[in-house]
Amino acid sequence: MRELYKDVRMCDEIIADSPQVRLNAMRLVQQRTYEEQKRRLLEESKKSKKVRVRVR
């Protein structure tokens, strides 16, 4: 996530000319962050799934 924000800051001079371009760039960063968090939560839930063991 930090790398994405760093990339946005580096391109700040380019996108400073248009507020809409900056808004779109920040939305893309937020979307990517959300997708990454969702992926991590899914992986963690797969790892922590309880296994049912039947005892006879």
Discussion item. Atom CZ of residue position R40 - does it have more than 12 heavy atoms of other residues, nucleotides or ligands inside 6.0 Å?
Written reply: no
Worksheet item: Of all residues at least two apart in sequence or in a different chain, which pass the side chain to side chain contact (heavy atoms under 4.5 Å, CB included) check with L41?
Response: E44
Item to complete: Kindly indicate, with the supporting measurements, whether the criterion salt bridge (Lys or Arg N to Asp or Glu O under 4.0 Å) is fulfilled by K46 and E43.
Response: CA-CA 5 Å; K46 286 181 181 178; E43 287 179 2; over 6 Å; no
Item to complete: List for me each residue that meets side chain to side chain contact (heavy atoms under 4.5 Å, CB included) alongside Q31, sequence neighbours excluded, and say none if there are none.
Response: L28, E35
Fill in: Any residue meeting side-chain hydrogen bond (donor to acceptor under 3.5 Å, both in side chains) with Q30, in chain and number order, not counting sequence neighbours
none
